[in-house]
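Residues: numbered from 1 along the sequence shown.
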Amino acid sequence: MNLLSESSKDLINNESNQCVSCGLCLPHCPTYRLLKSEADSPRGRINLMSGFVNGRIPLNARLIQHMDRCLTCRACEVACPNNVAYGNLIDSMRALIADQPKSVELPQKPFVLTLLKRQLLTQPVRLDRLRGLFHFVQKKGWLRWIKKSSYLGNNKLLRFVAQLPLIKFPQAGLTGEKHGKNNSWKETYPAISKKRGEVGLFLGCVARLTDVATLNSCIYVLNHLGYTVHVPSDQMCCGAIYQHDGAIKDAAALSRQNKSAFARYDIDAIISTATGCGAQLLQSRVANDRTGVADISQFLIANGGWDDVSLAALPEKILVHEPCSQRNVLREQVYPYQLVGLIPGVQVVSLPGNDQCCGAAGTYFLDQPDIANMLLNDKILALKVSGARFLVTSNIGCAMHFSNRMCEEGMRIEVLHPVALLARQMGLEL
């Protein structure tokens, strides 16, 4: 047994002892509410983890299934009176599972996840190179043909790709003018108005392909508020997908690379536009003690300077979805409401069921599609009866999960990041 496994075992033993099995977490756990299985609850999983590390329960496909079904939404942590660090527990258990000898047969992960982890996430420049290809295929309408095909449309990977949002390109200019089809961001975007500070922008991995509009919006808004934005070209994936899949060493390596990338700049904060990434960056301590990591909504509310900014009115109901990473980990769900509320004329409303995970959960909606879709059902129903034309969410995985289902059902509700809506009302053409 290596040092990593011993450390994971010690953490599970120590942390599981803090759980008194009170059951207060049960009604907050999405999989328990859905499946009504004690083994698919935080309390049940903790007992299974403890049983495994102490030799009372063997490692088998059934045990692994209960661990895989956990969304790592961490709603249980908010409800726990004993402050059990469940997120650390499930990550450590998955690390133990991943560290099993090759003689132990483990369930195979979906091909799309293997492709993402091995070929794309550790080399995000490859995602940049795919941007032009995806844009071309989308413009030709070939992806719509794939969706309609009775044969190709049943392939999970092709169906997922066919429902990606329209691929856009990184901003080249400083004021949001037409910027052409650039495959990479500039290293630095100087402040437009009176300079108030300097920040670094974390691009993420999948977001740099599927959520360019949000990243461009972030640069645009920050520049107009007086912030110079630095975009290190050698930054990597935040590592959350690896961390939650048990590949702790890989996650740590990505964190070290990101820390090195941003350390070159004298910046006030590292800005994240995806709350899942932001939570991972904080946990892995990518920023130094002076710099810190900030979600874009929280940073803009805390450091705004909105008196000098003109925002076009938008007399619409705006539904706000609260990602689990924002609500249960960062505990910063109030800021998107405040940010969208800056727009004149808006009616900002919470999406019903925000206390429950939507089912996206990183790559969960690819790994456990049946459960993920069942968790999304109530939220889609709430959207249908809301009469709203806009849904804002601060996490790209959640946005894609919502958008995919809406696309399948022909719903005409626009899903976008709060900062993208704000930038649009400031004059940026998304």
Side-chain angles (χ1 to χ4, degrees), residues 116 120-121 123-140 143 160-189 199-224 227 229-238 241 258 261 270-278 295-297 300 323 360 390-404 407 414-430:
L116 277 172
L120 298 176
L121 300 190
Q123 298 291 333
V125 68
R126 292 176 179 173
L127 288 167
D128 289 331
R129 290 170 182 164
L130 286 173
R131 189 176 294 111
L133 173 62
F134 273 99
H135 181 80
F136 175 79
V137 171
Q138 285 180 329
K139 284 292 186 182
K140 291 292 185 180
L143 294 182
F160 172 72
V161 169
Q163 293 169 178
L164 287 176
L166 182 63
I167 301 300
K168 299 184 182 294
F169 293 85
Q171 180 174 318
L174 303 178
T175 57
E177 66 269 14
K178 296 295 183 180
H179 41 71
K181 296 180 180 179
N182 304 282
N183 258 341
S184 59
W185 279 265
K186 293 172 61 176
E187 190 82 8
T188 299
Y189 295 86
V199 297
L201 177 61
F202 183 73
L203 297 175
C205 46
V206 175
R208 67 170 68 205
L209 176 64
T210 65
D211 203 23
V212 174
T214 294
L215 296 169
N216 283 342
S217 297
C218 189
I219 294 170
Y220 180 85
V221 173
L222 287 166
N223 281 172
H224 278 76
Y227 290 93
V229 180
H230 299 287
V231 187
S233 58
D234 53 343
Q235 61 179 289
M236 307 292 281
C237 167
C238 71
I241 289 176
N258 284 324
I270 298 173
I271 303 295
S272 171
T273 62
T275 55
C277 294
D295 177 73
I296 182 61
S297 295
L300 290 176
F390 298 95
L391 172 70
V392 297
T393 182
S394 301
N395 199 62
I396 177 58
C398 301
M400 292 171 63
H401 191 38
F402 275 100
S403 295
N404 286 348
C407 180
E414 186 175 5
V415 183
L416 68 172
H417 193 286
V419 76
L421 183 61
L422 191 77
R424 178 186 291 176
Q425 300 311 112
M426 288 174 62
L428 178 64
E429 294 184 22
L430 298 180

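- Rounding to the nearest 0.5 Å places CD1 of Ile270 at 13.5 Å from CG of Asp295.
- Of all non-hydrogen atoms in Gly278 and Ser272, the two that sit nearest each other are N-OG, 3.3 Å.
- With hydrogens and angles ignored, the 3.5 Å screen pairs no side-chain donor or acceptor of Asn395 with any backbone N or O of Ala399.
- Closest approach of Val231 to Tyr189, counting heavy atoms only: CG2-CE1, 3.9 Å.
- Closest approach of Ala423 to Val221, counting heavy atoms only: CB-CG2, 3.7 Å.
- Screening Leu222, Thr188, Ile271 for a side chain to side chain contact (heavy atoms under 4.5 Å, CB included) with Val229, the sole residue that qualifies is Leu222.
- Taking CD1 from Ile396 and OG from Ser403, the interatomic distance works out to 7.5 Å, rounded to the nearest 0.5 Å.
- Expressed to the nearest 0.5 Å, how far CZ of Arg424 lies from OH of Tyr220 amounts to 12.5 Å.
- From Thr214, atom OG1 reaches atom CD1 of Ile219 across 11.5 Å, with rounding to the nearest 0.5 Å.
- Interatomic distance, Cys237 SG to Leu203 CG, rounded to the nearest 0.5 Å: 12.0 Å.
- With hydrogens and angles ignored, the 3.5 Å screen pairs no side-chain donor or acceptor of Asn258 with any backbone N or O of Gln235.
- The distance from the OG1 atom of Thr393 to the NE2 atom of His417 is 7.5 Å, given to the nearest 0.5 Å.
- When all heavy atoms of Ile296 and Cys218 are compared, the closest pair comes out as CD1-SG, 3.5 Å.
- The two atoms that bring Ser394 and Ser297 nearest to each other are OG-OG, 4.5 Å, heavy atoms only.
- Summarising the geometry of Glu414 relative to Phe390, their closest heavy-atom pair is OE1-CE2, 3.2 Å, with the distance given to 0.1 Å.
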